[in-house]
Participant: 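Below are the structure tokens for one structure; questions will follow.
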Amino acid sequence: KDLALKLAKKVKKYLDKKHTTYLTRSFDRTVTLNERANMADTVKADLFISIHFNSSTENKSNGFETYYLDNHADVAIKKVENVENKYLDGADKTVNQILIDLVIQKTVASSKKLANSIHSNLKKVMTKKFKLKDRGIKPGLFYVLALSKRPGVLIEAGFMSNKKEMKKIRTNRYLESYASSIAKGINEYLRKLPQKDLPLF
């Protein structure tokens, strides 16, 4: 949580040069999935970026990956979903499944373009500079993205459970490189959209 917040603040720093950005938390506190989505509605955000670090019971797992909201049938991805969606109870999941189907139809194309733009910039820098494994762009059924009701991505910025990778993750050089790559990908995506003021997060 500390590293995710640190990375998010660095992304904000880069994006603030051109856009209005908001963080769902600016200090160490718990924010529910619904609260995060409600905040995006309150500020009328155009994009929603969810930043995380990965973990696995297999300590050799490594690399970075970027998710966008969509349906799929991948068992490995479901493991990640179970962690990210774990705070929703059964009733919420039933109601939100209806919402997800509607949101996917509306946002999947934009979210996939955003994911591609961000991930391609990450790939250029992180694979060469830090020898990180590119785990690719993947569809995922994440409630935080569905509840936000706007184009968005969920970023997994490396495995904390891998000691070798964790040494890299904790460095300011790594976090700055990751943040600048995310921001560059977002800026490239936004440049291709019709011109208007675009608040983020």
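This chain uses plain numbering: 1 for the first residue, then up along the sequence.
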Participant: Do you know the tightest heavy-atom contact between F53 and L7?
Facilitator: CZ-CD2, 3.9 Å

Participant: Shared ILVMFWY cluster between F159 and V125, side chains joined below 4.5 angstrom?
Facilitator: no

Participant: Heavy atoms only: give me the nearest G136-H119 pair and the separation to one decimal.
Facilitator: O-CE1, 3.4 Å

Participant: Do E65 and N54 come close enough that some side-chain heavy atom pair is under 4.5 Å?
Facilitator: yes

Participant: With rounding to the nearest 0.5 Å, note down the distance linking CG in N62 to NZ in K163.
Facilitator: 15.5 Å

Participant: K10 and N172: side chain to side chain contact (heavy atoms under 4.5 Å, CB included), yes or no, with the steps?
Facilitator: CA-CA 10 Å; K10 289 180 183 297; N172 191 62; 2.8 Å; yes

Participant: Report yes or no: does S111 contribute a side-chain atom to a donor-acceptor pair with the main-chain N or O of G152 at less than 3.5 Å?
Facilitator: yes

Participant: Measuring from L47:CG to L114:CG, what's the distance to the nearest 0.5 Å?
Facilitator: 5.5 Å

Participant: Could you walk me through whether D134 and M126 pass side chain to side chain contact (heavy atoms under 4.5 Å, CB included), step by step?
Facilitator: CA-CA 8 Å; D134 175 13; M126 306 311 289; over 6 Å; no

Participant: Given side chains that start at C-beta, do those of V11 and T21 come closer than 4.5 Å, heavy atoms only?
Facilitator: no

Participant: Going from CD on E156 to OG on S55, what distance comes out if it is rounded to the nearest 0.5 angstrom?
Facilitator: 9.5 Å

Participant: Let me see the working for F64 and I155 under side chain to side chain contact (heavy atoms under 4.5 Å, CB included), right down to the final yes or no.
Facilitator: CA-CA 8 Å; F64 63 102; I155 289 166; over 6 Å; no

Participant: Measuring only between side-chain heavy atoms, which start at C-beta, is V153 closer than 4.5 Å to Y67?
Facilitator: no

Participant: Quick one: closest heavy-atom pair of G63 and R135, and the distance?
Facilitator: C-CD, 3.6 Å

Participant: Atom CD1 of I169 and atom NZ of K6: how far apart are they, to the nearest 0.5 Å?
Facilitator: 12.5 Å

Participant: How long is the straight-line distance from NZ of K112 back to CG of N116, given to the nearest 0.5 Å?
Facilitator: 7.0 Å

Participant: OH of Y189 to CG of D46: how many Å apart, nearest 0.5 Å?
Facilitator: 8.5 Å

Participant: Less than 4.5 Å apart, any side-chain heavy atom of L132 and any of Y174?
Facilitator: yes

Participant: Any non-hydrogen side-chain atom of V108 less than 4.5 Å from a side-chain atom of L69?
Facilitator: no

Participant: Show, in sequence, the C-alpha distance, side-chain angles and deciding distance for I186 and I118, and conclude whether the side chain to side chain contact (heavy atoms under 4.5 Å, CB included) test is met.
Facilitator: CA-CA 6 Å; I186 292 171; I118 291 173; 3.8 Å; yes

Participant: Kindly indicate whether the side chain of R170, heavy atoms from C-beta on, has any atom under 4.5 Å from the side chain of L3.
Facilitator: yes

Participant: Do you know the tightest heavy-atom contact between S56 and S161?
Facilitator: N-OG, 2.9 Å

Participant: Measure the shortest side-chain to side-chain distance between Y68 and I137 over non-hydrogen atoms and say whether it is less than 4.5 angstrom.
Facilitator: yes

Participant: Is a side-chain donor or acceptor of K168 paired with a backbone partner of F130 at a separation under 3.5 angstrom?
Facilitator: yes

Participant: Provide the closest heavy-atom pair for N162 versus K60 in the form atom of the first, atom of the second, distance.
Facilitator: ND2-O, 3.5 Å

Participant: Short question: side chain of E188, backbone of S117 - any donor-acceptor pair under 3.5 Å?
Facilitator: no

Participant: With the 4.5 Å side-chain cut-off for hydrophobic clustering, are I49 and Y14 part of the same group?
Facilitator: no

Participant: List the atom of P139, the atom of D70, and the distance in Å for their closest heavy-atom pair.
Facilitator: CB-CB, 3.7 Å

Participant: Any side-chain heavy atom of L5 sitting closer than 4.5 Å to one from I51?
Facilitator: no

Participant: Taking atom NZ of K13 as the centre, report whether more than 12 heavy atoms of other residues, nucleotides or ligands fall under 6.0 Å from it.
Facilitator: yes

Participant: Within the side chain of E165, is there an N or O that forms a donor-acceptor pair under 3.5 Å with the backbone of G158?
Facilitator: no

